[in-house]
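So you know, we letter chains A, B, ... as the sequences are listed, proteins then strands, and number each from 1.
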Amino acid sequence: MSSTRKRSLGLLAVTAILVAACGGTTATASPSAAAPATAAPATAAPATAAPAVTPAPSASAAAAQPDITGTAYKPIANGNVAAAPLIVAEWQSPDTFNPYYAQANVDIEVSTPSLLGLINTSNDLKYFGDLVTDVPLVSNGGVVVNGAGMTVTYKLKPGMKWSDGSAITCKDLEATWKWIMDKDQTGLAGGVIGWEDIASIDTSSDTNCVVTFNKVYEGYLGLFSPLFPASYLATVPVKDAATKLYPLTDLKSGVYSGPYIPTEYKADAQLNYTANPNYATIHPEAKLGFPGMIFKLYGDSDAMKAGFDAGEYDLAMDLNHSDIPSLAGKNTLIKDGTTYEQLSINNKTLTAKFGAAEVYTIKEALALAINKTDITGRVLGGTVDPISNPVSPQYWFHSTVPDQPFDPAKANAILDAAGWVKGADGIRTKDGKKLSLDFCTTTRPYRVDSLAVFASNLKDIGIEANTAAPVGPVKSTQLFGGWDAEAADTPCNLIHGTYDVSMFAWVSPLDPLGSYNVYHSSGIPDAAPHSGQNNTRTNDPVVDKIWDTVKGTVDFSKVGAAMADWQNYYNKNVVEIPLFLWKDVYLTNPKLQNITGNPTTSGVLWNVQDWWLQP
Amino acid sequence: MARYIVRRVLSAIPVLLFISFMIYGILLIAPGGPEARFAQNPKITAAQVEAFRKRWGLDQAMPVQYCRWLGVCNPDNTGLAVFISDNGVPNFLPAAIGGGDNGILHGDLGFSLRDGRPVTVVIGERILPTLILAAVAWAIWLTIAILAGMYAAVHRYGLFDSVLTVFSYIGFSLPTFWLGIMLLAVFASGLKVLPAGGMWSTRDVPIFGTPDYWAFASAQPWKAATDLGTHLILPVFTLVVVSVAGDSRFVRAAMLDSLSQDYVRTARAKGVSERMVTMKHAFRNALLPIVTNVGLEVPFLFTGAIVTETVFSWPGMGRLSIEATNSFDYPVLMGVLLIAALLTVFANLLADILYAVVDPRITYG
């Protein structure tokens, strides 16, 4: 299989920010597994009173290794080489060409055609070697666990060359690692997670690169994405790398590995690429369909859509389900994404308001009373479908869980049984406490509309959804603002936990470890360094045990089993209320071949080397 | 006159200093900051954020940052030594005699926090596109506004005056972004007769401003001109519609005021033709307020139209401003705003000088 783009698992978190930056604030970055694990803070909310679900010895635990590498992707053989470049459109502009500094999706998109990683992800979410012959796994001997540590052997394809003609060798792995870990390094979007666990890289061979880790690190598949050339790294001091390594002002000075390499950039207007003369040394089977490519950068998405009608480009990116109604009559490619919209429920505030014993009852009632089809059907016009599991069905560790039914009668019965009594105003009270919840979200129109739906749904079961200022719709900077950026008492701030229920989007990462910090108690952000993203303040030893299993193994059968336990727990205990998966939407030239989409950070350009235009 | 100009220029210096200090302060006290981009990224540690702040000097107090930006302080020194250059002389002195080389006093506007490029480069590449768009639009709307305003004043309460009044209200009321999107929907999406955005045809024309572009323009000047002209139509039309409304009302008011003066009545009593009365007596005197208004529009030629440039993907100063604002790119914002302040001050000076040209009664002794 020919491939290209590497998309770094390590950059998954970045994707969030970008989605937020892009569509105007929507998805939040999925946190990294690696955030420093801190001890559960003393202030953490007590474990919820939900029925404990002890992960039963999963039947799948003893099962065979899951297939995470066998992609079914088969490109249609190139039948034409166009005379003109491929033109792709974006409505945001890049700030950097270096994906390690990427803070927005477009930063990753522009580097995708030019910089390859060791391992990439296909459209059917299988790992494959971009610069290596095989994906190293325990099962094929590529990964060997030695006590607390492990060694990973990345076997580079022989004869590969960088765009400047120099050989791609294990020294490039070593240089990339040292560059990441340099003391002068600042602003790495993916931090040093995983990299800091590397003890050494054996460069005695040009192609058999043995990387020794101090710890077992499940995310090793996402490292070296992309790989940088040692010779080029040596030309720029690390302290100047943010501005002088792959500088937008002089992209020709860079050294690349992908099929198309950048030649010229005009800020907020255009980015030109030409074919990489040495790409055939990496993927000899690939036959490029274009002499080059161009990123055409529009000022906003409306102009970009109009440009499609005017025939100005071949592919438009960075659109989602909310754009679908405005794309009628246009040639579109619509794929399920991995960003999910959810209702995050804050255990800390619910416990403070109603007592720990009431939390699970309220959460269960909420899940039963929220009519998701009101959101997906009425608010979003049927462009998306309701879900009960935030893990994308495309992921290898996805597990089928029971649907969360819309059953207000049962919700009423549960609250009745728990002693919540409806008052004259229809709102329930118990022990003098009114069952009123503060709902928060951003100001995106469909979210504002959704608040009204929630209020209506909950009123039917005697719960008041408070959406009036200072809660309700707030600026995304307020909702997503960091620990230092927002005061502790700022209403509707996720990281400070000043909300009861909040609607927003989150990226579900392909690397399970990417969610460690969202649900493990060490990720509760109340404790310094406040970098955790366990906004719901989920604090349950059962949950911690599941996630520690995920973190502590490179045996993907065990990871899969643990993730099945997690999805079961998530569903039964209403950790969140997942609403729907976003759609990835593209406008495409009908003659463009082999465009498949890709919901990971590899993005739609993951196989751009296989694209060609029918004459 | 020369003394007057020198005096005005000298008096502008403290004004610009004060403006720059105020702008800098307002930018820095605004919520958020360049490091806000890291807020939702758990992989970036507090130490990394601090290193980022230190690298860009954001860890310093506002007066120190301003002092460095100004070029009075040396960013490599601390304490009282900040005022001393690496060569041991006051940092504000020219580099040629041993002073510093940082800050606007030395022609250095710093580096963009967004992409690391020098601010002079970032701004420099945007000025020509904005100048082209703004100058074409300005020339058209000014011509229309003067002619329409004069005609409406001379034919007060006539059909044309009524139509112009209605048009003015509509023009005032139209949100620029809405008008722009509607024009795109009709002429780019619907009729497909005009481009949806940008400054050149991506498929056929090299990137504007590059050597390849100038070679192309030299080899095929007609094609280059028509391509540029085609891309100018919609944004220029948008700017003209929303701007001619205000200026035409201004001209009309100035002309009406002038036409009611005694010297106009006297001219008519003397039998001067109506055309001469209008052009020589009334319009000449109406020019004073018009010159003032036009002078205030000069900075627009360089600072651009934020909404119009964004909607039509025009790679100019307006779009740069909004991008820099969104990313808290202080150096670029300071550069743009300083240029705007500078142009405003000097456009006013130019207007004052033009008073003497259009009105012989005015002299600057």
Among residues 173-188 of chain B, residues within the sub-4.5 Å heavy-atom range of chain A, in order of number, are I181(B), L184(B), A188(B)
The complete set of salt bridge (Lys or Arg N to Asp or Glu O under 4.0 Å) pairs with one or both residues in residues 191-202 of chain B, sequence neighbours excluded, reads none
Hits for side chain to side chain donor-acceptor pair (under 3.5 Å) against K223(B), two or more places apart or cross-chain, chain-then-number order -> none
Do R114(B) and T96(A) come close enough that some side-chain heavy atom pair is under 4.5 Å?
-> no
Under a 3.5 Å distance rule, please check whether T243(A) uses its side chain to pair with a backbone N or O of G116(B) as donor and acceptor. no
Look only at the side chain of R117(B) and the backbone of T249(A), and say whether a donor-acceptor pair between them is shorter than 3.5 Å.
no
Item checked: Step-by-step side chain to side chain contact (heavy atoms under 4.5 Å, CB included) determination, T202(B) to E312(A) -> CA-CA 7 Å; T202(B) 307; E312(A) 294 178 354; over 6 Å; no
The interface call for D250(A) against chain B, heavy-atom contacts under 4.5 Å, is neither
When the 4.5 angstrom heavy-atom criterion is applied to W314(B) and chain A, the contacting part is neither
message = Take a 6.0 Å sphere around OH of Y213(B) and say whether it holds more than 12 heavy atoms from other residues, nucleotides or ligands.
response = yes
Review point. So, D212(B) and K266(A), do they make that salt bridge, N to O below 4.0 Å?
Key: no
Assert top hit (heavy-atom pairs under 4.5 Å, partner chain A, pool I322(B), T210(B), V121(B)) equals T210(B)
Heavy-atom closest pair (P315(B) atom, A267(A) atom, distance to 0.1 Å) is CB-O, 4.0 Å
Against chain A, residues from residues 227-236 of chain B with at least one heavy atom under 4.5 Å, in numeric order, are none
> Is K330(A) atom NZ crowded by more than 12 heavy atoms from other residues, nucleotides or ligands, each under 6.0 Å away?
Replying inline: yes
Bottom line for E309(B): the part with an atom under 4.5 Å from chain A's heavy atoms is neither
Shortest non-hydrogen pair, S313(B) vs A303(A), comes out as OG-CB, 4.0 Å
Cut-off 4.5 Å, heavy atoms of chain B, and the answer for K239(A) is backbone
Quick one: are W200(B) and Q270(A) in side-chain contact, heavy atoms under 4.5 Å? yes
Nearest heavy-atom contact between R319(B) and S93(A) is NH2-OG, 3.9 Å
